[in-house]
Amino acid sequence: MSLTDSCPNSPNSAVISNEKSKRYDRQLRLWGDHGQAALELSHVCLINATALGTEILKSLVQPGIGGFTIIDWESVTEEDVGNNFFLTVDQIGQNRGQAATNLILELNPDVNGKCIDEQLTSILASPDASGMFKRFNIVIANGLNEKLLSQLSSYLWDLSIPLIICRSYGLVGHIRIQIKEHCVIESHPDSSLDDLRLDRPFPGLVKYMNEQNIETMDKATFTHTPQLVFLYKALERWRQDKGDGLPMSRMEKAEFKANLEESLRKKLNSYSNGEYSDAENIDECLKAVNTALVPTKIPSNIVELFSDEACQKLETPSKFWIMVRALKDFVNKEGMKALPVRGSLPDMHSDSERYVSLQNTYRHQATLDADAVYKHVLRILDERGWSHNLVTEADVRFFSKNAHALRLQRGTSYAAEIALKTDVQTLGCLLEDPDSDAVFYVLLRAADRFETEYGSYPGSLEVDVDVGRLKCVLVRLLSEWGLSSVSIKDEYIHEFCRYGASEIHSVAAFVGGCAAQEVIKIVTHQYVPVDNTIIYNAMHQTILSLKM
């Protein structure tokens with residue numbers, strides 16, 4: 001197909017049918033219907049259908065990426081057939097990208113794909129290249145030499161198109177993410193405390209709690225009272241005795257918990273003539289003391305967003321930064337130095353009526369807070385003459401709910417990294433350990449430099465001769481980085497030459513799965529992608545994260 005052909009999208013990609021819900025059941029639990037819809041509206045570009053490239057596409061096509069385009073000008077060889085499960089012997093001599101496209105599309109009938117049989121250098125030189133690349137949500141590159149990678153990196157960096165550079169080199173894997181700015185609203189933090197606001201209750205919560213009279217409850221009502229009621233009442237008594245604030249120190253929390261347990265047990269035992277009895281909601285309440293009684297504060301990463309120049313100046317109509325600015329204005333006014341209430345409530349032992357009532361109390365406040373943020377959004381849009389359609393009310397409600405977990409990543413260009421315009425101090429510290437996996441990053445860069453100088457990768461032609469050449473390249477490279485004191489063991493240099501830049505399928509499959517996962521994070525704007533670089537050591541099954 002030609003360069004100017006339009007990029008295909010998945011049909012009906014915005015609607016998740018019942019059939020798709022069944023097929024994608026497990027992944028929908030990870031990123032939801034809206035994440036799946038974003039995935040199905042995405043189009044990725046893969047440069048070179050190598051073993052690694054096809055493994056990446058496999059892991060994107062199966063969960064339902066909208067469409068893909070392979071750029072590959074090479075023909076299928078016997079070596080390709082030996083390590084690429086998406087190529088067959090009878091395809092030798094055919095265009096590698098087209099051959100792989102035909103088989104990959106069999107994995108999912110809802111995905112569209114095509115191949116462009118044209119040299120990347122010709123594409124980049126074409127006047128239509130900019131329009132073509134802008135159709136892609138992300139570009140994945142592998143099997144390119146350093147010079148071509150640098151050219152592609154600079155081109156996509158100027159267009160603000162994310163680029164993932166991947167490599168499977170013997171028993172070493174490499175993933176490098178190049179992205180100017182990536183905003184994540186649904187970061188899905190591994191650990192996040194519930195937003196209960198017991199330290200600074202909002203009016204609706206105060207009203208709900210005042211309606212709960214523990215002293216007049218019968219046993220059935222008492223043993224099915226939400227734990228938050230007990231904590232709230234106990235905190236009121238604590239503040240009457242100790243003053244405003246929460247029990248913060250270990251001793252204070254122990255004292256609070258002891259007093260709470262004593263009062264609850266005493267009330268419970270009063271229903272059984274003083275005999276000891278137990279209740280599930282009391283046990284839950286005592287366990288929740290450390291997690292529920294925490295001060296409401298704004299996370300440091302959100303404070304950094306408020307201080308960011310993009311938020312302060314707000315010169316471009318960015319949906320994310322408009323909402324961040326509105327959030328900041330809310331915090332300084334209606335929120336009284338707090339983020340909007342999330343509106344969610346953890347599961348707890350309770351009767352349905354009071355739990356639902358408590359849940360609705362939090363949800364109502366969350367709605368009020370989101371409405372206030374939206375008013376700030378509309379004001380910001382009006383002040384700058386921007387369309388109200390830029391940010392919808394639904395956008396703001398979703399944003400407000402997840403305001404505590406916002407994440408922002410700003411990356412660096414791989415071309416700048418190649419041109420030695422990035423910080424290598426962290427790398428130098430890691431290389432103080434001669435067996436650090438950072439050694440493989442250095443060797444990969446040295447192998448690229450070797451290919452530039454000698455026209456082939458070390459070991460691909462003559463292993464013994466290339467060992468000495470690679471050592472010389474390494475010495476020069478480390479010197480350029482100001483790391484002349486670093487020494488790379490001979491055994492690693494010999495091993496890299498024995499690899500001969502070959503792709504081992506098992507390594508390609510693992511790295512491909514990891515790379516596909518990062519693509520999904522980026523196109524769905526969910527979860528936090530790898531920040532810059534990871535190195536995979538298949539010999540020891542370890543992964544090193546680097547920021548270059």
(request) Would you indicate whether Asp433, at its atom CG, is surrounded by more than 12 heavy atoms from other residues, nucleotides or ligands within a distance under 6.0 Å? (result) yes
(request) Please examine the side chains of Asp80 and Ile92, heavy atoms only from C-beta on, and report whether any two atoms are closer than 4.5 Å. (result) no
(request) Report the distance from atom CG of Leu546 to atom CG of Leu544, rounding to the nearest 0.5 Å. (result) 4.5 Å
(message) Looking at Cys497, is its backbone amide N or carbonyl O close enough to the side chain of Asp466 to form a donor-acceptor pair, meaning the two atoms are under 3.5 Å apart?
(response) no
(request) Decide yes or no on side-chain hydrogen bond (donor to acceptor under 3.5 Å, both in side chains) for Asn48 and Thr50, but give the supporting numbers first. (result) CA-CA 6 Å; Asn48 285 326; Thr50 62; over 6 Å; no
(request) Return yes when atom NZ of Lys401 has more than 12 non-hydrogen atoms of other residues, nucleotides or ligands closer than 6.0 Å, and no otherwise. (result) no
(request) Kindly indicate, with the supporting measurements, whether the criterion side-chain contact (heavy atoms from CB on, under 4.5 Å) is fulfilled by Trp321 and Thr316. (result) CA-CA 9 Å; Trp321 287 112; Thr316 57; 5.9 Å; no
(message) I'd like to check Lys471 versus Asp490 (side-chain heavy atoms, cut-off strictly below 4.5 Å). Are they in contact?
(response) yes
(request) Output the distance between atom OG1 (Thr412) and atom CG (Asn532), rounded to the nearest 0.5 Å. (result) 4.5 Å
(message) Determine whether a donor-acceptor pair (N or O, by modelled atom type, separation under 3.5 Å) exists between the side chain of Glu518 and the backbone of Val530.
(response) yes
(request) Check Pro63 against Leu39 and note the closest heavy-atom contact, atom names and distance. (result) O-CD2, 3.5 Å
(message) Using modelled atom types and a 3.5 Å cut-off, is there a donor and acceptor pairing between side-chain atoms of Gln178 and backbone atoms of Tyr414?
(response) yes
(message) Minimum heavy-atom separation for Val81 and Leu87, please, with both atom names.
(response) CG1-O, 4.3 Å
(message) If I compare all heavy atoms of Arg407 with all of Ser187, which pair ends up nearest, and what's the gap?
(response) CG-CB, 3.7 Å
(request) Kindly indicate whether the side chain of Leu60, heavy atoms from C-beta on, has any atom under 4.5 Å from the side chain of Ile140. (result) yes
(request) Would you list the pairs meeting ring-ring contact (aromatic ring centres under 6.0 Å, His included) in which at least one residue belongs to residues 155-179, sequence neighbours left out? (result) Phe133-Tyr155, Tyr169-Phe496
(request) Assess whether side-chain contact (heavy atoms from CB on, under 4.5 Å) is satisfied between Tyr536 and Val507, documenting all intermediate values. (result) CA-CA 9 Å; Tyr536 171 57; Val507 177; 4.2 Å; yes
(message) Do Phe86 and Thr101 have side chains that approach each other closer than 4.5 Å (heavy atoms only, starting at C-beta)?
(response) no
(request) Kindly write out the residues that satisfy ring pair (Phe, Tyr, Trp, His ring centres under 6.0 Å) with Phe85, not counting sequence neighbours, or none if the list is empty. (result) His505
(request) Examine distances only and state if a side-chain atom of Arg325 and a backbone atom of Cys311 form a donor-acceptor pair shorter than 3.5 Å. (result) yes
(message) Rounded to the nearest 0.5 Å, what separates atom CG in Asp158 from atom OG in Ser160?
(response) 8.0 Å
(message) Can you confirm whether Ser484 sits close enough to Leu478 that some side-chain heavy atom of one is under 4.5 Å from a side-chain heavy atom of the other?
(response) no
(request) Quick one: closest heavy-atom pair of Ser150 and Ile418, and the distance? (result) CB-CD1, 4.0 Å
(message) Using a strict threshold of under 4.0 Å (side-chain N to carboxylate O), is an ion pair present between Arg445 and Asp448?
(response) no
(request) Give a yes or no on whether Glu383 atom CD has more than 12 heavy-atom contacts from other residues, nucleotides or ligands under 6.0 Å away. (result) yes
(request) Please test His182 against His525 for side-chain contact (heavy atoms from CB on, under 4.5 Å), starting from the C-alpha separation and ending with a verdict. (result) CA-CA 8 Å; His182 182 64; His525 286 267; 3.5 Å; yes
(request) Grab the two heavy atoms, one from Ala38 and one from Val523, that are nearest each other, plus how far apart they are. (result) CB-O, 4.0 Å
(request) Using atom types as modelled and distance alone, determine if a side-chain donor or acceptor of Asn84 lies under 3.5 Å from a backbone N or O of Ala49. (result) yes
(message) Working note: Leu427 + Val486, criterion side-chain contact (heavy atoms from CB on, under 4.5 Å); need CA distance, chi angles, decisive distance, verdict.
(response) CA-CA 10 Å; Leu427 181 64; Val486 173; over 6 Å; no
(request) Hey, could you give me the CE/OG1 distance between Met548 and Thr533, rounded to the nearest 0.5 Å? (result) 7.0 Å
(message) Any heavy-atom pair between the side chains of Ile123 and Trp73 that's under 4.5 Å?
(response) no
(message) Taking Lys489 first and then Asp435, would you say they form a salt bridge - that is, a charged N and a carboxylate O separated by under 4.0 Å?
(response) yes
(request) Measure from the side-chain N and O atoms of Ser153 to the backbone N and O of Leu149, and report whether any donor-acceptor pair falls under 3.5 Å. (result) no
(message) Using side-chain heavy atoms (C-beta onward) and a distance below 4.5 Å, is Val511 in contact with Ile175?
(response) yes
(request) Using modelled atom types only, decide if a donor and an acceptor are shared between the side chain of Thr54 and the backbone of Ala51 within a distance under 3.5 Å. (result) yes
(message) Given 3.5 Å as the limit, does a donor-acceptor pair link the side chain of Asn402 with the main chain of Glu186, or not?
(response) no
(message) Would you compute the distance between atom SG of Cys166 and atom CG of Leu46 and round it to the nearest 0.5 angstrom?
(response) 8.5 Å
(request) Kindly say whether Pro529 contributes a backbone atom to a donor-acceptor pair with the side chain of Gln409 at under 3.5 angstrom? (result) yes
(request) State whether the number of non-hydrogen atoms from other residues, nucleotides or ligands found under 6.0 Å of Gln425 atom CD is greater than 12. (result) no
(message) Donor-acceptor pair, distance only, cut-off 3.5 Å: does the side chain of Gln27 make one with the backbone of Tyr24?
(response) no
(message) What I'd like to find out is whether the side chain of Ser192 reaches to under 4.5 Å of the side chain of Arg342, using heavy atoms alone.
(response) yes
(message) Would you say CD of Glu79 has more than 12 non-hydrogen atoms from neighbouring residues, nucleotides or ligands within 6.0 angstrom?
(response) no
(message) With a 4.0 Å cut-off on N to O distance, would you call Arg176 and Glu417 a salt bridge?
(response) yes
(request) Please say whether more than 12 non-hydrogen atoms of neighbouring residues, nucleotides or ligands are located less than 6.0 Å from CD in Glu309. (result) no
(message) To check you understand the geometry: which heavy-atom pair defines the closest contact between Ile65 and Val111, and what is its length?
(response) O-CG2, 3.1 Å
(request) Drop me the distance from Leu152's CG to Ile71's CD1, to the nearest 0.5 angstrom. (result) 8.5 Å
(request) Evaluate the side-chain hydrogen bond (donor to acceptor under 3.5 Å, both in side chains) criterion for residues Asn102 and Gln98: first the C-alpha distance (whole Å), next the side-chain angles of each, then the deciding distance (0.1 Å), finally the verdict. (result) CA-CA 6 Å; Asn102 296 336; Gln98 189 60 58; 3.0 Å; yes
(request) Output every pair passing ring-ring contact (aromatic ring centres under 6.0 Å, His included) with a member in residues 416-472, not counting sequence neighbours, ordered by first then second residue. (result) Phe440-Tyr492, Phe450-Tyr454
